2 protein chains.
Amino acid sequence: MTEAVSRPTLEAVAARAGVSRATVSRVVNGGDGVREPLAERVRRAVAELGYVPNQAARSLVTRRHDAVAVVIAEPETRVFADPFFALQLRGISKELTAHDNQLVLLLTEGRDDHARVARYLAGGHVDGALVFSLHLDDPLPGLIHDAGVPTVFGGRPGWGDDGDAAGHTRSTGEGPGVVYVDCDNRGGARAAVRHLVDLGRTRIAHLTGALDQTSAVDRLDGYRDVMAGVPGASDPRLVVESDFTPGGGERAMRALLDRCPDVDAVFAANDLTALGALRVLRASGRRVPEDVAVIGFDDMLPVAMEADPPLTTVRQDIEEMGRLMARLLLRGLADGRDRSAAMAQPPPAGGVILPTTLIRRASA
Amino acid sequence: MTEAVSRPTLEAVAARAGVSRATVSRVVNGGDGVREPLAERVRRAVAELGYVPNQAARSLVTRRHDAVAVVIAEPETRVFADPFFALQLRGISKELTAHDNQLVLLLTEGRDDHARVARYLAGGHVDGALVFSLHLDDPLPGLIHDAGVPTVFGGRPGWGDDGDAAGHTRSTGEGPGVVYVDCDNRGGARAAVRHLVDLGRTRIAHLTGALDQTSAVDRLDGYRDVMAGVPGASDPRLVVESDFTPGGGERAMRALLDRCPDVDAVFAANDLTALGALRVLRASGRRVPEDVAVIGFDDMLPVAMEADPPLTTVRQDIEEMGRLMARLLLRGLADGRDRSAAMAQPPPAGGVILPTTLIRRASA
DNA sequence: ATGAAAGCGCTAACAG
DNA sequence: CTGTTAGCGCTTTCAT
């Protein structure tokens with residue numbers, strides 16, 4: 001399959017340009033401190049020979065890889081049921097590419113893969129990692145954190161310094177805390193519920209997400225924030241636990257109608273759940289939004305747009321979240337290199353929360 | 001952030017075990033030709049020191065990377081509108097992981113990125129590439145093919161040796177042809193249309209996909225195959241060009257109802273298109289499947305399952321396609337290495353077509 | 001400003 | 001079977 005002929009080396013370029021390897025190296029890496037005529041000769045030689053630096057040789061001496069691992073744990077199929085993941089990846093990819101970094105994708109299929117991932121990260125193949133931690137009890141984030149690789153998390157990890165209910169042990173005692181990017185789940189939920197209140201609804205229910213994920217917990221908290229502020233609105237029976245799936249949404253909605261036939265609004269933890277609720281509502285003869293208003297979360301297309309009726313929902317800028325994660329990591333890496341200190345500092349600790357916006361369509 | 005302390009080297013392990021670097025290297029790489037007691041000493045030293053080979057140093061001499069690039073061109077948002085992409089990636093990842101290869105993800109955002117990708121691949125950073133070529137006129141596959149990197153394509157490239165209508169120039173004259181994995185688009189389409197015929201439908205329409213993609217062309221061909229076999233069934237007005245999107249499906253369906261109000265069955269090029277068609281059909285007062293039967297393609301969840309009515313569709317095993325692509329590439333790479341010949345042979349040329357199955361739900 | 005030289009950590013002949 | 005040796009291609013002091 002075409003030429004496996006060895007590609008030109010620095011040596012070859014140097015020879016052709018009539019200079020030393022060191023000079024070529026300087027030109028190739030930014031070219032500071034090389035006089036223009038010479039630099040030009042080198043550039044021409046590079047072009048003529050089609051020289052491309054050997055990354056392995058370079059890494060060997062610089063100890064850098066210009067590569068970042070993206071770790072996605074997907075024990076559930078949920079990750080693949082919506083474009084969330086793909087969009088995030090796209091944002092990450094854009095940012096990484098803009099800074100000449102490669103993206104090494106690590107997909108894990110359950111516990112067995114944890115060791116593999118941990119080993120890979122600890123092995124120093126990449127300069128940093130972007131990790132999506134979906135579940136509160138996932139050991140992976142801890143492992144990775146312990147591996148000593150600069151890391152930014154996607155979504156608030158369950159064991160972070162933040163609104164952690166209690167009991168979850170931090171993976172280690174050291175370090176100023178984790179860095180993560182998340183959307184404003186709680187604020188978005190508040191906006192949704194407030195909108196329902198403004199609509200004059202009085203029996204507002206919530207179908208939760210899988211409560212082992214911080215996003216579900218935060219959305220539930222947002223719902224409660226608003227309900228607590230409306231006299232007489234709170235009613236535990238209005239909260240039904242679900243799992244972010246359409247099937248779960250159906251079951252939860254049916255349970256809800258059993259308990260509270262007078263419900264006149266539903267805030268679903270995500271669009272898929274809302275979809276299931278919509279179907280049950282329709283089957284029960286109720287009209288949306290006339291009898292029951294429905295709001296979802298994610299603005300997951302085409303689901304939200306193609307739902308019947310089109311779904312009012314809380315949008316988060318998923319691609320931007322990915323982009324931001326990469327930017328944070330890269331910045332942290334650069335900082336670490338600039339500091340003369342021996343070891344790389346992590347990026348400024350703490351979480352970055354991206355805003356959400358309520359998208360009004362027909363369902364509420 | 002924890003120890004940036006330099007990790008132990010082969011040298012260190014050798015010293016600790018009281019052997020030479022070469023011996024350690026042998027043990028680490030399979031350990032053939034090292035007597036057991038010694039090997040055991042080495043393994044213990046490795047464990048005690050937590051030694052992990054430096055991949056950069058290794059690649060420098062072996063000229064291998066145990067890494068494969070996955071190139072996904074996504075000029076359109078379509079890739080992100082469905083889990084297709086994610087599933088394929090999952091299949092690829094599984095297979096790669098099983099063979100200790102890393103997955104380097106290259107997402108392209110249009111022409112500007114082509115040069116970057118081509119440079120990266122030509123730069124010899126990876127051992128091979130898996131490329132998704134979505135469009136007939138996409139120059140990327142050609143560039144990559146020319147770059148001389150062993151490659152397997154996902155989906156039949158438009159310029160392959162196969163059912164190419166005409167006119168498309170091969171990127172180069174050399175080589176025995178490209179290797180690709182695709183699903184049986186044509187056969188799947190035939191099965192769908194045949195099912196419609198068996199249902200007794202006589203006015204069977206087809207809403208095509210974007211005809212600059214081979215998958216759309218092949219599905220159209222499949223439709224025609226069957227229609228040509230049914231006396232009096234063919235009617236050019238029954239074929240409406242669309243673009244794989246719900247919006248396109250709506251427009252195409254409206255156009256179709258204008259031309260042929262008597263249509264009693266629709267085979268849509270994919271599930272999203274079917275979704276749009278469904279909506280227009282419902283708005284026009286027609287019942288599905290009683291008045292008009294509808295079949296989609298992809299079995300894209302949750303769209304197909306959550307559609308109203310649930311969609312009868314043609315399923316393809318997407319994850320298996322990804323897996324197969326990786327397997328083919330890896331096999332080709334291994335073959336190339338085994339052969340004493342100087343250059344790697346590509347995997348056996350030609351395409352591998354995976355079967356499709358008709359999934360019967362309520363819409364037809 | 002440029003060149004010479006010393007490795008980075010590893011594998012792969014080649015000896016013994 | 002094990003050790004010695006010579007680089008892989010590049011960056012980076014250190015001289016000049």
Side-chain angles (χ1 to χ4, degrees), chain A residues 4-43 45-46 49-67 100 122-125 127 337 340, chain B residues 4-43 45-46 49-67 100 122-125 127 337-338 340 342:
Chain A
V5 295
S6 54
R7 298 182 295 110
T9 69
L10 251 202
E11 184 82 54
V13 178
R16 174 142 194 147
V19 300
S20 74
R21 300 207 312 267
T23 300
V24 178
S25 176
R26 289 183 187 110
V27 173
V28 170
N29 297 306
D32 3 272
V34 178
R35 248 188 279 265
E36 196 37 54
L38 247 202
E40 184 49 34
R41 276 230 308 280
V42 172
R43 276 191 288 269
V46 166
L49 265 37
Y51 169 75
V52 182
N54 180 321
Q55 185 61 42
R58 179 179 282 177
S59 293
L60 186 54
V61 35
T62 61
R63 284 141 187 305
R64 281 177 38 204
H65 301 86
D66 294 318
D100 271 313
H125 301 278
D127 302 325
R337 280 197 284 273
S340 51
Chain B
V5 296
S6 53
R7 297 183 296 109
T9 69
L10 250 202
E11 185 81 54
V13 177
R16 174 141 196 150
V19 300
S20 72
R21 300 207 312 270
T23 299
V24 178
S25 176
R26 288 183 187 111
V27 173
V28 170
N29 297 303
D32 5 271
V34 177
R35 245 187 281 264
E36 197 37 51
L38 248 202
E40 186 48 34
R41 275 231 306 281
V42 172
R43 276 192 287 268
V46 166
L49 265 37
Y51 169 76
V52 183
N54 180 321
Q55 186 60 44
R58 180 180 282 177
S59 292
L60 186 54
V61 34
T62 60
R63 284 145 187 303
R64 280 178 37 204
H65 306 261
D66 295 319
D100 270 312
H125 300 278
D127 302 326
R337 280 198 284 273
D338 291 347
S340 50

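Below, each value reflects all heavy atoms present in this structure, side chains not excepted, and no hydrogens, waters or symmetry copies. Chain identifiers are assigned alphabetically (A, B, ...) following the order of the sequence lines, protein sequences preceding nucleic acid strands; residue numbering begins at 1 within each chain. Small disclaimer: the values here were computed from a predicted structure and weren't measured.
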**Q** Rounded off to whole Å, could you give me the CZ-to-P distance for the B:Arg41 and D:dC1 pair?
**A**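 From B:Arg41 CZ to D:dC1 P: 17 Å.
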
**Q** Without swapping roles, check the side chain of A:Arg26 against the backbone of A:Gly33 for a donor-acceptor pair under 3.5 Å.
**A**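 Here the side-chain-to-backbone pair does not exist.
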
**Q** What closest approach, in Å, do B:Ala56 and A:Leu60 show between heavy atoms, and which atom pair accounts for it?
**A**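 Looking at all heavy atoms of both residues, the closest pair is CB-N, 4.0 Å.
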
**Q** If only atom types and distance count, is the side chain of A:Asp127 paired as donor or acceptor with the main-chain N or O of A:His65 below 3.5 Å?
**A**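 Confirmed, A:Asp127 side chain pairs with A:His65 backbone.
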
**Q** Report the C-alpha distance between B:Asp100 and B:Asp66 in whole Å, list the side-chain angles of each, state the deciding distance to 0.1 Å, and finish with yes or no for side chain to side chain contact (heavy atoms under 4.5 Å, CB included).
**A** CA-CA 7 Å; B:Asp100 270 312; B:Asp66 295 319; 5.9 Å; no

**Q** Treating primed atoms plus P, OP1 and OP2 as sugar-phosphate and everything else as base, which nucleotides of nucleotides 6-15 of chain D get B, S or - for protein heavy atoms under 4.0 Å?
**A** B-BBBBBB--

**Q** Would you mind writing out the side-chain donor-acceptor pairs for residues 14-24 of chain B within the sub-3.5 Å range, not counting sequence neighbours?
**A**
unit_1  : atom_1 : unit_2  : atom_2 : d
B:Arg16 : NE     : B:Glu48 : OE1    : 2.7
B:Arg16 : NH2    : B:Glu48 : OE1    : 3.0
B:Ser20 : OG     : B:Ala22 : N      : 3.4
B:Ser20 : OG     : B:Thr23 : N      : 3.4
B:Ser20 : OG     : B:Thr23 : OG1    : 3.3

